[in-house]
Amino acid sequence: IDEVLGMFIASAPTLFIDTIEPTRFFWYLTGAFVLFRFFDIAKVWPANFFDKETLPADVIIDDIIAGVYSAIILMAFLAIELWI
């Protein structure tokens, strides 16, 4: 369930893309997946801290952090694309 929750967070900005740019929805959804997998594997701070812990919630938190990082980058791409 941790991967599903992280991917849901990463793909949340695509809800806005679907209403603004429906033709680019697939590409942004693919980008959300690639970014989420990158951050999930790279374990950037603070995800690397939670990855070392042994509590069950820590397994979920590191995927949530990867999803948040992915969503932030995806929203930045969307803002730049709409601004230009």
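In this view, Ala42 and Phe38, Val44 satisfy the side chain to side chain contact (heavy atoms under 4.5 Å, CB included) rule, not counting sequence neighbours. By the side chain to side chain contact (heavy atoms under 4.5 Å, CB included) test, Phe77 pairs with Tyr28, Ile73, sequence neighbours left out. Evaluation of the side chain to side chain contact (heavy atoms under 4.5 Å, CB included) rule for Phe33 yields Met7, Arg37 as partners, not counting sequence neighbours. Applying the side chain to side chain contact (heavy atoms under 4.5 Å, CB included) test to Ile64 and every residue at least two apart in sequence or in another chain returns Leu5, Ile9, Ile60, Val68.
Looking at every heavy atom in both residues, Ala10 comes nearest to Phe36 through CB-CB, 3.9 Å.
Taking OH from Tyr69 and CH2 from Trp45, the interatomic distance works out to 6.5 Å, rounded to the nearest 0.5 Å.
When each of Asp62, Ile61, Asp63 is checked for a side-chain contact (heavy atoms from CB on, under 4.5 Å) with Ile65, only Ile61 meets the rule.
At least one donor-acceptor pair closer than 3.5 Å links the side chain of Ser70 to the backbone N or O of Leu35.
Sorted by first and then second residue, the salt bridge (charged side-chain N to carboxylate O under 4.0 Å, His left out) pairs involving residues 4-16 (not counting sequence neighbours) form an empty list.
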